[in-house]
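What follows is a single structure, written as structure tokens, with notes after it.
In the text below, chain A, chain B and the rest are named by the order of the sequence lines, each starting its count at 1. As a basis for the values below, the full set of heavy atoms in this structure was taken, side chains included, without hydrogen atoms, waters or symmetry mates.
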2 protein chains.
Amino acid sequence: MTLKEIAQRAGVSTATVSYVINNSGHISEETRKKVQDIIRQTGYRTNKLAGSLRKNRTGLIGILVEDITVWHTPYIIDGINRLADEKNCYTILSNLQMVRKIDNSFDKLTGFQKDIDKAVQTLLGLQVDGIIYIGMHDRLMDNVLRKAGKPVVYCYCYTADGEASSVRYDNEKAEYRITRNVIDRGHRRIALIGGYVTSEPARLRRKGFLKALQEAGITLPKSWDECGEYDFQKGKAAAIRILTGKDGGTKKDLLPRQERPTAMVAMNDEMALGVYNAAAELGLRIPEDLSVTGFDDAEFTQQLIPPLMTAQRPLHKMGYSALSLLLERIEDESEQVTNIIYPCRIIEGASVSDFRTGDSTVKDDRKTEENGT
Amino acid sequence: MTLKEIAQRAGVSTATVSYVINNSGHISEETRKKVQDIIRQTGYRTNKLAGSLRKNRTGLIGILVEDITVWHTPYIIDGINRLADEKNCYTILSNLQMVRKIDNSFDKLTGFQKDIDKAVQTLLGLQVDGIIYIGMHDRLMDNVLRKAGKPVVYCYCYTADGEASSVRYDNEKAEYRITRNVIDRGHRRIALIGGYVTSEPARLRRKGFLKALQEAGITLPKSWDECGEYDFQKGKAAAIRILTGKDGGTKKDLLPRQERPTAMVAMNDEMALGVYNAAAELGLRIPEDLSVTGFDDAEFTQQLIPPLMTAQRPLHKMGYSALSLLLERIEDESEQVTNIIYPCRIIEGASVSDFRTGDSTVKDDRKTEENGT
DNA sequence: ATGAAAGCGCTAACAA
DNA sequence: TTGTTAGCGCTTTCAT
């Protein structure tokens, strides 16, 4: 069933039918009703692609993801979908499947220009109006879509300022606020369990952590400045070293209270979980004997006992916002390049004790990120 | 740059250029080279949509997901992408975002026909060649895409036999094999921590569990047949009831050894984690004092100490296979409806002790699901 | 081996 | 208010 056939049945021209369908032009109520009835009867559905051919606008958005199986990606896509539904645009998903190709090494995240170019060419061949690129690690990267010649927004990664719009979250401030929170509860002896040194979030989170310490006039002993490479086991090992002064110690190796930190700031939730484990092995209670914080708001943090204090990344909102920026640029090519950095929400789990009140139980009003972006 | 312009520059007809691009027709080497050179020089890229209009075939596949943020969905999509890349077809993602709409209640998974119809109409309007529907819970459902009039494959859910193709995994056999494994290691006192009673996987897993018990001549005491609703906290509470005979017991409430199970089969990994917690609270070591199994192969199971015995669902393969079935039907409409059920891979974590050898440490050769589907 | 030309289903300028 | 008509960029039949 085509628009032409509808026109014939209704005894009007194709233009009239087109006007009715698109609410354009000036159509009499009578004609409109007649046409709509026939459309309903026949179950006619317009061929969007044919229209696009003429209009040179498809309403298609390319979502180019480095890897869809990486934890944050689907949440970002979900945010994109949310706005796409509102704006009647459609998403073509292109998945570079980098995890498989790089074998999980953070350092090989380059040299994919050929894969990317191919994916972009495909998307452009499908006449997408613009592209959102979702990174698998938050980082500064080449403007790999420079040649696209269509509006582009980077999400969960970014390029040199001014080159393209991007949407990120604020690593530094979030870690600062977490650390501040810990300090405000009376902690002065605080250790750090860091992520991959080459990773940008690790660098930023460290910066935020140190800033909070500095503001409070606290110094970080060298032996409390460990690296856990974002890994559970390594995080646990780091915690044990800090708490015992030895590699792989047990209960009896535990340092005297005044030589141990009262709190540990881990740069992600996995390592925080490692700290929980280390504490359990050493017979330390959380948070009475040791406070812990994480980062990322992994699902399991809600189920730990006690719940973990962590930072929730605004993933849904980042996706929503990325599409919003993209659509603006599609509407108006002259639109400014915009680089957005959203704050995280700090989830105040009960994993940090409060020395001021002596009460370690903290209100836990955690909700999942509001979808009402 | 259009095909027509290429033709002009090359001094040939548009037909010839089309032949060169598509390797069809009989073109002299000379002409071919000339055209190809010009294509390269100009950076011309063919407009796939325009071609589709004529061919009545787009190479577009609609992926209609109930919710992309549900754990298994991205892995299935990843499998689809894998084959899509090979076959040069493109995926349009439509996300029903059901989680938000049903507020996580398993029982409201119906009444979405309107949403689905709308999404399907949109996909059909974009001229997709077929649709893959990915469920958020494995279940029998209405053939909600009956009206699509295009090939459809259900994945991670299914409709009445013969109505449409589907791809699932074998809940019953996997739980059977897990339970067999536990029994084969010498366990006779085995408790069950079940999932939502209304959920089909729970029913099937239960069936597999009971079958293994029956074959071994083991009966399940009523008090060892608990329901944890797939939830961590409820799973933990169930474990405590089973181990102490009371709601919320502590170490001193622990039942005598001969009145406790030696193993607990939990129907998912979350609840298994609850069992780990319960055991820790009651001073029981895993697996020496209590063995545990899970289901689903959640990421954290690899990091538990000891690693959890669980069942890995063939998600990537399910996606790959769903697209494969779909493409067959697109090629040949007369193709049979096919319902595939893949087995799970049992991950032999060290969370189950072996009474035969006295050795509870089991080889742990876990790898992630092979991508080489 | 190559070209002319008729569409695919729709939109939009222009005419009536 | 409605109709005529010329495309959008490509494929494909039928001639040559």
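A close approach under 4.0 Å does occur between a side-chain nitrogen or oxygen of A/Thr46 and OP1 or OP2 of C/dC10. Contact annotation: B/Tyr19 does not reach the phosphate of D/dT13 (side-chain N/O to OP1 or OP2, under 4.0 Å). Neither OP1 nor OP2 of C/dG9 sits under 4.0 Å from any side-chain N or O of A/Thr2. Contact annotation: B/Asn22 side-chain N/O to D/dT11 OP1/OP2 distance is under 4.0 Å. Dashed line: the shortest gap from a side-chain N or O of B/Ser24 to OP1 or OP2 of D/dT11 is not under 4.0 Å.
Following rounding to the nearest Å, B/Lys4 (NZ) and D/dA6 (P) show an atom-to-atom distance of 14 Å. Atom P of nucleotide C/dA12 and atom NZ of A/Lys55 are separated by 7 Å, given to the nearest angstrom. For the pair B/Gln8 CD and D/dG9 C1', the interatomic distance rounds to 13 Å; values are reported in whole Å. Going from atom CZ of B/Arg45 over to atom C1' of D/dC10 covers 15 Å, rounded to whole Å. Between the CD atom of B/Glu5 and the C1' atom of D/dG9 there is a distance of 11 Å, rounded to whole Å. Distance A/Tyr44 OH to C/dG9 P: 10 Å, rounded to the nearest Å. Straight-line distance from the CG atom of A/Asn56 to the C1' atom of C/dA12: 14 Å, rounded to whole Å. Atom C1' of nucleotide D/dT11 and atom CD1 of B/Ile6 are separated by 16 Å, given to the nearest angstrom.
Ionic pairing of B/Lys147 and B/Asp117 is present here: one or more N-O contacts between side-chain nitrogen and carboxylate oxygen are shorter than 4.0 angstrom.
Note on A/Val12: only backbone sugar-phosphate atoms sit closer than 4.0 angstrom, heavy atoms only; bases stay farther off. Contact annotation for B/Ser28: backbone-only contact, meaning every heavy-atom pair under 4.0 Å involves sugar-phosphate atoms and none involves a base. Contacts of A/Gly11 with the nucleic acid, taken as non-hydrogen atoms under 4.0 Å apart, involve only primed sugar atoms and P, OP1 or OP2.
A residue-by-residue look at B/Thr16 and A/Ala15 shows that B/Thr16 has its nearest nucleotide of DNA chain C further toward the 5' end. Two residues, A/Ile21 and B/Thr31, neighbour DNA chain C, and the one matched to the more 5' nucleotide by heavy-atom proximity is B/Thr31.
Separation of the B/Tyr133 and B/Tyr154 ring centroids falls under the 6.0 Å cut-off.
Looking at the side chain of B/Arg54, the nearest of the listed nucleotides D/dG9, C/dG7, C/dC10 is C/dG7. Side-chain proximity of B/Leu3 to the nucleotides C/dC10, C/dA4, D/dT11 is greatest for D/dT11.
With rounding to the nearest 0.5 Å, the separation of CD1 in A/Ile131 from CD1 in A/Ile61 is 9.5 Å.
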Chi angles and distances behind the side chain to side chain contact (heavy atoms under 4.5 Å, CB included) call for A/Ile134, A/Ile80:
CA-CA 11 Å; A/Ile134 305 180; A/Ile80 295 174; 4.0 Å; yes

Evaluation steps, side chain to side chain contact (heavy atoms under 4.5 Å, CB included), between B/Val120 and B/Leu124:
CA-CA 6 Å; B/Val120 169; B/Leu124 293 175; 3.7 Å; yes

